[in-house]
Amino acid sequence: AKNAGKNQVALFTPELREARLERTRLTTDLRRARERGELTLVYQPVVDLASGDIRKVEALLRWNPAGRRPVPPDVFIPVAEESGLIVPIGRWVLEQACADVRHWHERHGVSVTVNVSGRQLREEDFGDVVLDVLARYGLPARALVLEVTESMLLATTPAETARIVGTLTRLREHGVRIALDDFGTGYSSLSYLRTLPVDILKIDKSFTPVSGNADHDRMHAFTRAIVELSAVLGLTTIAEGVESPEQAALLQQMGCPQAQGYLFSPPVGAPQIDGLLHSIPWR
Ligand code: C2E
Ligand code: CA
Ligand code: CA
Ligand code: CA
C-alpha cells in the first residue's frame, strides 16, 4: 500500500499508543460494567407539537464506572461496537427498555424507541431476540420503535444489507416500527430512505432551524424539504435537538408533527418519566 511506511511510523507515536491503551482499558472496564450495575437507561420524551402530549420516549444508555467520571455514549458506544460488546449490552438495553415501557404504554399509549447499531442487526438472531423480548413482557409490537442509522450499512456487503432489510421487514410486519435516525447527516440519505423499510424519520439536530443564523433562510429550506418529503412518503417526522420555543413553533409551521429536545425535557430516569406523562406545554 502506498502509505504503509507512514502508517507504520504513526503506529508508534506516543499519542496513538496512549489512545489505544485507553481504548483497551475502556473495553476491559465495559466488559464488567453490566454485572457491576454501572449501566443505566435514561429516557427523553418525544412530544406531539400540537398537544404537548408525550408519544414516545427514547432510551439512551449511560455508563457510570465506579470511582470515575461518567463516560459519554459518544465515547463508549464506538468502543462497544468495535469490541462486539454492543451485542450483549444492546440486548440488555432492549430488555430494560421493554420492562420500563410496559406501564407507560398500558396507561398512556407511550412507545419506547431503542437505538440499534449495525453490529446488532447483523446478528442472525436479532429478529428472534426482539420478538422474544416483546412476548416475554406481553408487549404489543406497537410499543417498540427501533432506531437505525444509514451509517450502520456502510461496511456491509450487498448480501448483509439484504439480510438486514429482511430482518427489519419481518419486524415491521409484526408491528414494530423502524425510525431512520440522524437523517440528513450521511452521504446518501435519500438512497437509504429508498432501501430501508422505515416508518419514522428523525431529522438530525443540525437541521433543526435556528433563528438568527445568518444563513437561516437557506437552512430552513432544507428542513422544510425534509419534512415535506417525509410527509409525502407517509412517514412520521421527529425533529431532534429542539431547545427553544421559537424552534418548536417554526417546526410546527413547517408541518413537523413531533419533536424532542431540552425545551421539553432532557433525558431523565424512569421514575421521572411517570411525572411527565400527562403533557409538556411548551408555549
Ligand atoms: P442519538 O441517538 O442521536 O441521541 C440524541 C442525542 O442528543 C443524545 O445524546 C441526547 O442526550 C442529545 N440531546 C437531546 N436533546 C438535545 C438538545 O436539545 N440539544 C442537544 N445539543 N442535544 C440533545 P447522548 O445521550 O449523549 O447519546 C449520544 C449517542 O449515543 C446517541 O445519539 C446514539 O447514537 C448513541 N446511543 C445512546 N444510547 C445508545 C444505545 O442504547 N445503543 C446504541 N447503539 N447507541 C446509543
Ligand atoms: Ca437515536
Ligand atoms: Ca439522532
Ligand atoms: Ca447520533
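When a ligand or atom number is given, it counts from 1 through the structure's own listing order.
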Which is it for D181 and ligand 1 at heavy atoms under 4.0 Å: side chain, backbone, both or neither?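 Within the 4.0 Å criterion, D181 contacts ligand 1 through side-chain atoms alone.
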Could you see which bit of V242 sits under 4.0 Å from ligand 1, with heavy atoms only: side chain, backbone, both or neither? backbone
Contacting atoms of ligand 1, where contact means under 4.0 angstrom from a heavy atom of [X]:
X: V93; result: 41 (O)
X: D182; result: 3 (O)
X: E243; result: 17 (C), 18 (O), 19 (N), 20 (C), 21 (N)
X: E58; result: 2 (O), 4 (O)

Test item: V71 and D29 side chains (from C-beta on) under 4.5 Å apart, heavy atoms: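 In short, these two side chains do not touch, never coming nearer than 4.5 Å.
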More than 12 heavy atoms from other groups under 6.0 Å of CZ on R136: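 More than 12 within 6.0 Å, yes.
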With respect to the Ca ion (ligand 2), what is the nearest N, O or S atom of [X]?
X: E58; value: OE2
X: D181; value: OD2
X: E147; value: OE1

Is there a chain of hydrophobic side chains (I, L, V, M, F, W, Y, each step under 4.5 Å between heavy atoms) that links V57 to L134? yes
Looking at Q260, R62, R119, M152, the heavy atom closest to atom 25 (O) of ligand 1 belongs to R62
Counting heavy atoms only, which of N115, V42, L41 comes nearest to atom 42 (N) of ligand 1? N115
For the side chain to side chain contact (heavy atoms under 4.5 Å, CB included) test, which of V87, T156, T167 pairs with R122? T156
Heavy-atom pair with the smallest gap, counting every atom of S206 and M219: O-CE, 3.4 Å
Would you name the heavy atoms of A97 and Y43 that are closest together and state the gap between them? CA-OH, 3.4 Å
Strictly distance-based, threshold 3.5 Å: is any side-chain N or O of Q120 a donor or acceptor partner for the main-chain N or O of S117? yes
Please confirm whether P267 approaches ligand 1 to less than 4.0 Å, judged on its heavy atoms. yes
Is [X] close to ligand 1, meaning an N/O of one under 3.5 Å from an N/O of the other?
X: I77; answer: no
X: Q120; answer: no
X: E81; answer: no

Does R91 pair with D125 as a salt bridge, N-O distance under 4.0 Å?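 Here R91 pairs with D125 in a salt bridge, since their nearest N and O are under 4.0 Å apart.
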Are any N, O or S atoms from E240 nearer to the Ca ion (ligand 3) than 3.0 Å? yes
